[in-house]
Undergrad: 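A single structure is presented below for examination.
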Amino acid sequence: MALETTTVALADGSLLRDQAFIGGRWCDADDGRTFAVRNPASDELLATVPRMGVGETRRAIDAAADAFADWRDRPAAERAAVMRRMRDLMLEHRDDLALLLTLEQGKPLAESHTEIAYAAAFLEWFGEEAKRIYGDTIPSPHRDKRILVTKHPVGVCGGITPWNFPSAMVTRKAAPALAVGCTMVLKPAEQTPLSALAIAALAERAGLPPGVLSVVTGDAEDAPAIGTEMTSNPIVRKIGFTGSNEVGKLLMHQCADQVKNVSLELGGNAPFIVFDDADLDEAVAGAVLCKFRNSGQTCITANRILAQDGIHQEFVDRFTAQAAKLVVGVGVEPATKVGPLIDQQAFEKVSRHVADACERGAQLLLGGGPHERGGTFFSPTVLDRVSLEADMSREETFGPVAGIHRFGDEREAIEIANDTPYGLAAYFYSRDVGRIFRVSEHLEYGILGINTGFISVEVAPFGGVKESGIGREGSKYGVDDWIETRYLSLGGIDN
Ligand code: SIN
């Protein structure tokens, strides 16, 4: 039990919500139960929110169905105007939203500010993009027929979002869905529901009609009931999910029964390859950003750093020196670069990965265990000569732990990089144009960062291949996942 409560001092206190948002109403769970949302930096209580289940989810789905026809039939520009107001309100309340995000998730405040801007950008981008959803006419092979293609929203959608980007993953799903005329029932992660509820509060203020976006909250134990209602209720035509492979596969199985559409953004195991011809300053800076952003808790973090023979030692020395400078602390402290891990389970996984790598012969160059701050703070860690069989080479570590492996030539780097069931993001550094093309063409990943360690932007398609998922979020391609194509065959035309 938490001994203390963190005072959440927002300029606009009404953005801290302790009720869920269903059909345009703020409400408690039917049985009045709640669960605690805690600050991962201190374990202090931030708020309690409703523990909901099947009944409340069903009501949210019904409300989304009721809202659908009117929302769908509005001109795209009208929907975009509401979304633009949501975006403006998010930016107007950026300080409050960022603080809330840091308090419930732990990331440094500067990163939360970046995330709020990123989250707001999806609302603007997709609101505008939906104005450009065009149909088609196809030359008919028959004199008396015409062939038209029209585009339509998928319908009522379910969104299930993770704790590592509690604001951006909400809008990355809700924005394209709403922009094209879908309605959505959203279930945020139990660790971080407050950011999603604050977004719902701003959506209400922006004039989003009741039922177009509902937020159903629930604890880890409630998630299966809420998820199963979303996947089994025939009103819901699509599920968009970001999270673990295990849950993603389960949802996909469940959706198969009704041949429900899915978009899945699942785990990664990103290689970060530094070739001999790389600009080492750039490569070191990119690797530090990519690895330690959000304490390594991103699906696109550098999970396996591969350094070529010729630069290996220099890269390792410089990378370790930079990692040693990272200030570990509470996210609201201005100097903090690495915050706590989200919870004890995450801390244990990271500890297990480090121990396993060391047992398999890795050299520990920095950190390696709990940080003196206590709780779930983990010291930035660098390990060299990590075995490719180590757990941290095979699975996502999701922590501030960098594992480095030395390789000989380009072919070997590509083989190692592709030797995983995952295919979300990969990175490499090289100044050789021929190599840039060769390696880009052979890496089996949905996203490639070339001479950059930061690839997230609303205008580009985010998504993976292989077991990393299905579909794309962001960009003009991200619209396609929320629309259906209809073919109209028009006969009886005399010619
Ligand atoms: C993720 O880790 O799933 C999202 C990362 C991002 O969009 O930057």
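Numbers here simply count residues along the sequence, with the first being 1. Atoms considered below: every heavy atom in the structure, side chains included; atoms not considered: hydrogens, waters and symmetry mates. In each ligand, atom 1 is the first atom listed, and ligand 1 is the first ligand listed.
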Undergrad: Nearest protein heavy atom to atom 8 (O) of ligand 1, by residue and atom, and its distance?
TA: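 Looking only at protein heavy atoms, the one closest to atom 8 (O) of ligand 1 is S456 OG, 2.4 Å.
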
Undergrad: With salt bridge (Lys or Arg N to Asp or Glu O under 4.0 Å) as the test, would you mind laying out the steps for E396 and K349 before giving the verdict?
TA: CA-CA 10 Å; E396 286 182 313; K349 181 178 186 190; 5.5 Å; no

Undergrad: Which one of E265, M169, E115 has a non-hydrogen atom at the shortest distance from atom 3 (O) of ligand 1?
TA: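 Minimum heavy-atom distance to atom 3 (O) of ligand 1 goes to E265.
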
Undergrad: Does an N or O from C299, backbone or side chain, lie closer than 3.5 Å to an N or O of ligand 1?
TA: yes

Undergrad: Distance only, no hydrogens: is a donor on one side chain within 3.5 Å (strictly under) of an acceptor on the other, for Q258 and K260?
TA: yes

Undergrad: Going by salt bridge (charged side-chain N to carboxylate O under 4.0 Å, His left out), R87 matches just one of E128, E92, E458, E124. Which one?
TA: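 Running salt bridge (charged side-chain N to carboxylate O under 4.0 Å, His left out) over E128, E92, E458, E124 with R87 returns exactly one hit, E124.
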
Undergrad: Evaluate the ring planes of F126 and F122, with Trp represented by its six-membered ring, and classify them as parallel (under 30°), tilted (30 to 60°) or perpendicular (over 60°).
TA: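 The rings of F126 and F122 lie parallel, inter-plane angle below 30°.
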
Undergrad: Treating N164 as the side-chain partner and Q297 as the backbone partner, does any N or O pair qualify as donor plus acceptor under 3.5 Å?
TA: yes

Undergrad: Can you list the atoms of ligand 1 that are under 4.0 Å from a heavy atom of Y118?
TA: 6 (C), 7 (O)

Undergrad: Assign the ring pair F398 / W163 to parallel, tilted or perpendicular, where the plane angle (0 to 90°) is split at 30° and 60°.
TA: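 Taking W163 first and then F398, their aromatic rings stand perpendicular (interplane angle over 60°).
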
Undergrad: Can you list the atoms of ligand 1 that are under 4.0 Å from a heavy atom of T298?
TA: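 Heavy-atom distances to T298 below 4.0 Å select 2 (O).
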
Undergrad: Between T242 and ligand 1, is there a nitrogen or oxygen pair with a distance under 3.5 Å?
TA: no

Undergrad: Heavy-atom contact under 4.0 Å between Q297 and ligand 1?
TA: no

Undergrad: Under 4.5 Å between any side-chain heavy atoms of V316 and R385, yes or no?
TA: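 Of all side-chain heavy-atom pairs linking R385 with V316, none is under 4.5 Å.
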
Undergrad: Can you tell which part of R293 has a heavy atom less than 4.0 Å from ligand 1: side chain, backbone, both or neither?
TA: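 Contact part for R293 vs ligand 1: side chain (C-beta onward).
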
Undergrad: Any idea which protein heavy atom is nearest atom 5 (C) of ligand 1, and the distance to it?
TA: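 Among all protein heavy atoms, the one nearest atom 5 (C) of ligand 1 is F165 CE1, 3.5 Å.
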
Undergrad: Mind checking whether N164 contacts ligand 1 via backbone (N, CA, C, O), side chain (CB onward), both or neither, at a 4.0 Å heavy-atom cut-off?
TA: side chain

